[in-house]
Amino acid sequence: MKSVIRTAAGGPEVLRLVERAVPEPGPGEVRVRVHVSGVNPTDWRSRRRALPPGMSEQVPHQDGAGVIDAVGPQVDPARIGQRVWIWEAAWERPWGTAQQYTLVPDQHAVALPDHAPFELGASLGIPALTAHRALTVHDGGPGRIAPGSLSGVTVLVAGGAGAVGNAAVQLACWAGARVVTTVSSAAKATLARAAGAHRVVDYRTQDAAAEILDFAPEGVDIVVEVAPGTNTALDLAVAAQGAVVAYYSGGEEEQLSVPVLASLSANLRWQSVFVYTVPPAAKQQALTDVAAAVDAGALRVGEEAGLPLHRFPLERAADAHAALEHGLVGKVLLDIP
């Protein structure tokens with residue numbers, strides 16, 4: 001089979017296309033014939049770091065979609081032939097999704113309904129599970145995402161044109177929240193509206209705080225934050241009493257400095273969201289809710305859903321990484337032959 005591997009840390013050039021034997025699933029594992037591999041910022045960031053301990057090579061990419069074609073011991077044989085989406089394939093494991101066949105633990109392959117295309121399945125994983133966590137850490141919140149679960153809640157999504165931002169907008173709208181999002185251009189504003197945001201604010205041409213408070217005079221309850229250090233002042237200005245700022249990203253040298261008294265008097269919470277180490281019960285709830293959203297048609301991809309798709313063949317994995325690393329807007333995918 002064709003596999004993309006890396007044996008060292010570095011730029012996109014460390015990714016190489018090689019031939020490997022098709023692996024056999026072990027106990028509790030399934031083998032998936034991958035149709036589409038999803039590329040996320042976490043993939044190029046991890047590519048810059050040393051391989052996990054004990055590994056001499058690794059196939060990149062956490063997310064993907066395909067069809068189960070073999071199962072190991074302790075797995076229901078009825079799963080063979082099932083369409084699935086994959087999450088955290090390469091987290092502390094050698095087998096990512098940038099190859100024709102991959103092995104994952106049984107629970108890391110979630111059923112994908114027939115009406116959902118593989119490109120949607122490959123776009124879920126990291127973005128949707130991160131968005132779910134950010135939307136469910138509010139004190140007193142329901143802890144789950146479902147129709148009506150966020151009724152009466154106002155959500156601010158920073159960077160609504162990004163992959164996590166897009167998922168957060170779609171999931172929050174499905175759950176009944178009022179959603180405002182910030183963007184940095186007219187083109188990104190169009191994408192955020194397509195995702196379903198009720199108000200879109202271009203922070204480069206508008207007074208972001210004034211626009212957000214015009215939409216939500218009492219402030220926002222949940223902030224899904226991509227740049228906490230940069231946006232601290234804005235988040236403080238628009239947060240409601242008892243709000244949570246759930247941040248999932250930031251620059252390599254970005255620092256978060258929170259004014260103590262301003263946060264204290266508003267009972268604000270600054271909550272980090274690192275999807276890989278989310279508590280197991282919360283992760284399972286996210287998987288259940290995201291699967292339900294997919295089944296209901298509440299999560300979509302493509303420009304008409306605010307998330308343009310950029311497709312590369314497997315042999316151009318390095319180009320796909322470079323494009324995403326240089327700021328390509330939308331979802332980067334590898335089509336697996």
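The model shown is predicted, which means the values in this text are computed figures rather than measured ones. What's counted below: heavy atoms across the whole structure, side chains too, no hydrogens, waters or symmetry copies.
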Check your understanding: Should Leu103 and Ile80 be counted in the same cluster of Ile, Leu, Val, Met, Phe, Trp and Tyr side chains packed under 4.5 Å apart?
Key -> no
Exercise for review: Find out whether Pro25 and Val75 are in side-chain contact, i.e. whether some heavy atom of one side chain is under 4.5 Å from a heavy atom of the other.
Suggested key: no
Point to revise | NZ or CZ of Arg199 within 45° of Phe215 ring axis and under 6.0 Å | key: no
Check your understanding: Any salt bridge between Glu88 and Lys283, counting N to O under 4.0 Å?
Key -> yes
Review point. Thinking salt bridges, do Arg6 and Glu13 make one under a 4.0 Å N-O criterion?
Key: no
Check your understanding: So, Gln241 side chain and Asn267 main chain: donor-acceptor pair closer than 3.5 Å or not?
Key -> no
Exercise for review: If the plane angle is over 60° it's perpendicular, under 30° parallel, otherwise tilted; pick one for His61 and His321.
Suggested key: parallel
Practice item. Identify whether the distance between the nearest side-chain nitrogen and carboxylate oxygen of Asp69 and Arg31 falls below 4.0 Å. Key: yes
Study note, to complete from the structure: Residues passing the side-chain contact (heavy atoms from CB on, under 4.5 Å) test with Arg204, sequence neighbours excluded, are Ser184, Asp202
Practice item. Using a strict cut-off of less than 4.0 Å between a Lys/Arg side-chain nitrogen and an Asp/Glu carboxylate oxygen, indicate whether Glu119 and Arg300 qualify as a salt bridge. Key: no
**Study point:** Asn40 side chain vs Thr42 backbone, donor-acceptor pair below 3.5 Å
**Key:** no
Review point. Side chains of Gln99 and Thr102: do they bring a donor and an acceptor to under 3.5 Å?
Key: yes
Point to revise | Side chains of Asp221 and His138, donor plus acceptor under 3.5 Å | key: no
**Study point:** Salt bridge Lys331-Glu303, side-chain N to carboxylate O under 4.0 Å
**Key:** no
**Study point:** Between Asn231 and Glu225, a side-chain donor and acceptor under 3.5 Å
**Key:** yes
Practice item. With salt bridge (charged side-chain N to carboxylate O under 4.0 Å, His left out) as the test, would you mind laying out the steps for Glu325 and Arg47 before giving the verdict? Key: CA-CA 11 Å; Glu325 195 167 349; Arg47 188 203 66 228; 2.9 Å; yes
**Study point:** Thr232 side chain near Val245 side chain, heavy-atom distance below 4.5 Å
**Key:** no
Practice item. Using only heavy-atom distances, determine whether the side chains of Tyr101 and Ser3 contain a donor-acceptor pair under 3.5 Å. Key: no
Point to revise | Side chain proximity check, Pro228 to Leu256, heavy atoms < 4.5 angstrom | key: yes
Review point. Among Leu17, Thr97, Ile336, whose side chain to side chain contact (heavy atoms under 4.5 Å, CB included) with Val4 holds?
Key: Leu17
Exercise for review: Kindly determine whether Arg20 and Glu57 satisfy salt bridge (charged side-chain N to carboxylate O under 4.0 Å, His left out), including the steps that lead there.
Suggested key: CA-CA 12 Å; Arg20 289 287 184 268; Glu57 66 177 50; 2.9 Å; yes
**Study point:** Min side-chain heavy-atom separation Ser257-Gln255 under 4.5 Å
**Key:** no
Review point. Apart from Ile5 itself, which Ile, Leu, Val, Met, Phe, Trp or Tyr residues share its cluster (side-chain heavy atoms under 4.5 Å, direct or through members)?
Key: Val18, Val59
